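No experiment lies behind these values; they were computed from the predicted model shown.
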Amino acid sequence: MAEILLDANPLEARAARLADGQVRDLRVTSLDGSDAAPADGDLVLGRVRRIDQALQAAFVEIGDARDGYLDASDLRPRQKRPVQRRLQEGQALLLQVRHGALAGKGAGLTMAVQLPGWRLVLTPTDSDLTVSRRIADAAERQRLRAALAGADGGGRDGPGCIVRTIAEGAAADSLQAEYAHLAAQWRELAAAAEAAGPVPRGLRAEAPACAALRDWLQPGDAVLALDGAALAQARPWLQAHAPEVPLRLAAPAEAAERGALLDEAVQSALEVRLDLPSGAAVSIVETPALTAIDVDSAASGPAPAGIRALRVNLEAVAAIARQMRLRGIGGLLVIDFLRMADPRQQAEVLDALRTALADDPEAGQVLPFSPLGLVELVRRRRGPSLSQCLLDPAAPQLRPAAAAALALRRLRAEQQALQGRRLRLSCPPEVARLLPPERLQRAGLNAEVAADATVPRHAPRIGPAG
């Protein structure tokens, strides 16, 4: 059994999945209004601005500074006609963000909308009923199909759906209830888009807590909210999709303890260098093109070179697999393991890496060692990585919004310790601007903020007020 921790404040939402007392998955979402770009999975009402016949694509206004990109393959319903005969400039479209804007490029868009639940994913632009390939038992696949064949007009006549692996063994009535809930959501969204007219705007953005529950929740798990805001996000989702899952609000002392555990996991996942128990180390550097991972034997202890390299590489494999998930790294990854001349040792390290990644839903193909001794693999990108979310690209320090969220968490902890006494927070001016009095009041904090350029972003100073 695992536990999912949810934490939220006005500037940042955090989620973690704990198993055996260790953070296995980690997600941080910035809620700062200065960056309102649509994120992965958001539904938007777009307006076609330009059709590019050469690319067979359309550039679509979606309320962001950069137009989104809609390829002909993402138009629905599917047709063989060219894009210029299917769309026209100024046309309004209900779209979903396939991937958010990244590295100077606009968001990727699709008309193939998917509304994800816990056990099901509604596919309203498609009437097919699809069962996850990971459900291998033929009788169970047939049972799941039969349970959903007529749900809320489903099957061939209504919105299609994908039955996720987590649905294996689920009761028919719970599946039908979830289908009906998702279908009702779709009808509301379609009606809102119809009424909105051709003005580009967001229609639906999934709450961070709900996205974490959808992706991580397993039967037998429990959910712990560290504050009231996270509780308010999680409760409706659980009531709609998994009412049997226990949800509770942490007591102040427990919230402080689990919050510190999250802080430690985030800090560790932002470090370039990760020390291993043997004295060796792993360095992880993200670049626009790829993520480079280097294994360094460092002070790993005396042993014959071949044995030491194998031992260190196997130790690094477990750490690398865990850090990929914690850091949310996606795209191409290249690992420079310690050199091993023996092909049997190389095969052992590759087998260990594939085994360590077996339960990572985003991990892709792992290629054999290259002639230069490098291992390449691909991990599906699910939005920006942790460092892209939290660190300023111009310098290795927290973004102002991330620093302000850190200050709010520390203010909350200090206020609980001092039983509500008024506090004074000193932080850099760019952080102080994100913490106006009304924001502190909404967070239930009795505090004042002083701008001080000498205070580091990662170390706000907190003390009693005047």
Side-chain angles (χ1 to χ4, degrees), residues 1-2 4 17 19 25 40-41 43 73-79 96 98 110-190 204 206 210-223 236-247 354-355 357-365 380 382:
M1 177 178 130
I4 296 177
R17 189 172 192 269
D25 292 285
D40 295 22
L43 292 182
S73 62
D74 284 303
L75 300 182
R76 293 297 184 275
R78 291 187 175 92
Q79 296 177 5
Q96 188 163 40
R98 282 196 298 106
T110 181
M111 293 178 70
V113 172
Q114 294 187 348
L115 292 185
W118 184 31
R119 298 183 176 100
L120 307 175
V121 179
L122 195 76
T123 54
T125 59
D126 186 349
S127 62
D128 291 343
L129 179 58
T130 305
V131 179
S132 168
R133 295 178 183 176
R134 294 188 179 183
I135 301 178
D137 184 78
E140 175 63 4
R141 294 174 66 88
Q142 182 58 36
R143 184 190 73 85
L144 293 169
R145 287 182 175 276
L148 290 162
D152 194 36
R156 296 182 179 178
D157 298 328
C161 74
I162 300 168
V163 182
R164 302 179 68 195
T165 309
I166 193 72
E168 187 170 10
D173 57 351
S174 65
L175 295 173
Q176 292 163 3
E178 183 168 355
Y179 182 97
H181 175 77
L182 292 171
Q185 278 191 341
W186 170 247
R187 289 192 293 269
E188 293 174 3
L189 287 165
R204 178 183 183 266
E206 192 171 29
C210 301
L213 292 171
R214 178 200 68 209
D215 292 341
W216 298 342
L217 190 64
Q218 298 289 325
D221 287 355
V223 181
W237 190 94
L238 288 171
Q239 289 174 343
H241 299 283
E244 71 278 11
V245 172
L247 168 68
R354 290 176 178 129
T355 299
L357 295 173
D359 63 348
D360 183 348
E362 315 304 339
Q365 184 180 14
R380 184 169 57 179
R382 295 289 297 267

Can any side-chain N or O of [X] pair as donor or acceptor with the backbone N or O of [Y] at less than 3.5 Å?
X      : Y      : result
Gln96  : Gly41  : yes
Arg380 : Gly364 : no
Thr130 : Ile162 : no
Arg145 : Leu129 : yes
Thr123 : Cys161 : yes
Arg164 : Trp118 : yes

Is the closest side-chain heavy-atom distance between [X] and [Y] below 4.5 Å?
X      : Y      : answer
Leu120 : Leu148 : yes
Val113 : Leu189 : no
Arg119 : Val163 : no
Leu115 : Arg204 : yes

* Does CZ belonging to Arg78 count more than 12 external heavy atoms closer than 6.0 Å? -> no

Residues which pass salt bridge (Lys or Arg N to Asp or Glu O under 4.0 Å) with [X], listed by chain and number, not counting sequence neighbours:
X      : value
Glu140 : Arg143
Asp221 : Arg17
Glu168 : none

For [X], which residues count as a side-chain contact (heavy atoms from CB on, under 4.5 Å) partner, sequence neighbours excluded?
X      : answer
Asp360 : Arg325, Leu357, Glu362, Ala363, Arg379
Gln365 : Leu367
Arg134 : Ser132, Thr165
Asp74  : Leu70, Asp71, Arg98, Thr110

Non-hydrogen atoms of [X] and [Y] that approach each other most closely:
X      : Y      : answer
Pro159 : Pro124 : CB-CA, 3.9 Å
Asp359 : Pro361 : O-CD, 3.3 Å
Leu175 : Ala147 : CD1-CB, 4.4 Å
Ala170 : Ser174 : CB-OG, 4.1 Å
Asp128 : Asp126 : N-OD1, 2.9 Å

* What residues, two or more places apart in sequence or in another chain, satisfy side-chain hydrogen bond (donor to acceptor under 3.5 Å, both in side chains) together with Glu206? -> Arg214

* When you look at Leu217 and Leu238, which way does the side-chain contact (heavy atoms from CB on, under 4.5 Å) test go after all the steps? -> CA-CA 10 Å; Leu217 190 64; Leu238 288 171; 4.0 Å; yes

* To do: List for me each residue that meets ring-ring contact (aromatic ring centres under 6.0 Å, His included) alongside His241, sequence neighbours excluded, and say none if there are none.
  =>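 Partners of His241 by the ring-ring contact (aromatic ring centres under 6.0 Å, His included) criterion, ordered by chain and then number, come out as His181, Trp237.
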
